[in-house]
There are 2 protein chains.
Amino acid sequence: MTDTLVAEPRAQAALHSSFFVERDFPQSPARLFHAFADKEMVRRWRVEDEGCAVHEFAFDFRIGGHEVSRFSFGGGPEIRLDAEFQDIVEDQRIVFTYRMGIGSSPFSASLTTIEFAPHASGTRLSYTEQLAMLDGTDSAAGREEGGRQLLEKLARELDRQG
Amino acid sequence: MTDTLVAEPRAQAALHSSFFVERDFPQSPARLFHAFADKEMVRRWRVEDEGCAVHEFAFDFRIGGHEVSRFSFGGGPEIRLDAEFQDIVEDQRIVFTYRMGIGSSPFSASLTTIEFAPHASGTRLSYTEQLAMLDGTDSAAGREEGGRQLLEKLARELDRQG
C-alpha cells in the first residue's frame, strides 16, 4: 500500500483460483444433462438438503437465462445464489456464471463449465470452476470438496431413479 | 472418444485459461473507477473504435445489472457481448462476467476482476480475466493483448481529459 489517505476502508483483494473435478457415471450423457437442465430435478439433488430451508428457487434454463436460489442452514443467515447460463449444448455442455452472497454483499463469483462425454457405456462428467473469492477467504479447497460431494449426491439420485 | 454412437456432432471441448494485466495511471482511483462505471465514458473509450459500427449499447451499472453491446467491424458479422456485474466496491473493485458470441452461438465466457489501488500519487490497475473458450480456438493470448490495448486506449482518453 502507500501513504495516500483513503477515505473508505479497503476491500480485501480478490483471490483467484480454479479447480477441476471428474467423475464417471453409468447413466447416459442425456440423463446427466437432464439432471442439470430440469428444474424439479435440479431442485431435488442440488438445492434441497437436510437442514437447509429453501426460500426461493427460480430457474430459467436457456442461454442468458438466470437462476436465483435463496436458502439458509439451521437458522443461519440467508445465502443468495444468482446464476446466468452462458452456453448450453444439449447433452454435451453447460457453462454458467454465478455469484454467492449474504444479504447484498457478494462473497464469490464463479465461471463453471460442465461437460458430458460418452465414456464406456456411460458418461464422464468434467466440472471446471474458475473462481474469484471477494471477502479475503481462500475457500477454493472447500468449494472443490463441496463440488465433489454434490456429484456424489447426484449419483445417489440417479441410482435411486434406476 | 468411445465406440458409442453419438447422434449430434461433438462440440469442441472448452479451453480454460486466465491472464493478468497491471498498469499504473497518474489519475486517482476515483477517476479510474468512473471510467468503468459511467455509461458515456465507457462507450467512448471501450465500445467505440475506428471501423467499428455499434448497433446497441445498454449499460446498467449495479450488482446484478447487465451490459449488452452489439457491434461489427467493417461489414463483418455482428458480435454480441452480454455482461453481468457481479461485485462493485466504489473506487476499488469491479467484478463482471461476460460472454461473447456471433449470432446465437457463444464463443467465450469470462470472469473479470478489475481492482484500483492507490499507488504513488495515482492508481495501480489490476485486471484479471478467467476465461473459457467455447469454439476450440485458444485465443487467450489474443484476449490478453486486446486487454493491454484497451488500457492504453483508456490512458489516452484520461490524458486527453486532463
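Atoms considered below: every heavy atom in the structure, side chains included; atoms not considered: hydrogens, waters and symmetry mates. This is a predicted model, so every value here is computed, not measured.
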Exercise for review: Output the distance between atom CE (M133(A)) and atom OG1 (T113(B)), rounded to the nearest 0.5 Å.
Suggested key: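 Here the interatomic distance stands at 12.0 Å.
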Check your understanding: What is the distance from atom CD of E84(A) to atom CD of E84(B), rounded to the nearest 0.5 Å?
Key ->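 It is 5.0 Å, given to the nearest 0.5 Å.
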Exercise for review: Would you name the heavy atoms of A11(B) and R93(A) that are closest together and state the gap between them?
Suggested key: CB-NH2, 4.2 Å
Sorted by number, residues from [range] in contact with chain B (heavy atoms, under 4.5 Å):
range: residues 60-76 of chain A; answer: I63(A), G64(A), H66(A)
range: residues 33-50 of chain A; answer: none
range: residues 16-29 of chain A; answer: H16(A), S17(A)

Heavy-atom distances under 4.5 Å only: say whether [X] touches chain B with side chain, backbone, both or neither.
X: S110(A); result: backbone
X: F107(A); result: neither
X: Q12(A); result: backbone

Check your understanding: Taking C-beta and beyond as the side chain, do P118(B) and R10(A) meet within less than 4.5 Å on heavy atoms?
Key ->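 Yes, at least one pair of side-chain atoms sits under 4.5 Å.
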Can you hop from [X] to [Y] via hydrophobic side chains spaced under 4.5 Å?
X: F59(A); Y: L32(A); result: yes
X: V54(A); Y: L150(A); result: yes
X: I114(A); Y: L81(A); result: yes
X: Y98(A); Y: L151(A); result: yes
X: Y127(A); Y: V89(A); result: no

Practice item. Considering only heavy atoms and a distance below 4.5 Å, find which of E115(B), R124(B), R99(B) pairs most often with chain A. Key: R99(B)
Check your understanding: Which ILVMFWY residues are connected to L134(B), directly or by a chain of links, through side-chain heavy atoms under 4.5 Å apart?
Key -> V95(A), L111(A), L134(A), V95(B), L111(B)
Check your understanding: Between the main-chain N or O of L131(B) and the side-chain N or O of Q130(A), is there a donor-acceptor pair closer than 3.5 Å?
Key ->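 Yes.
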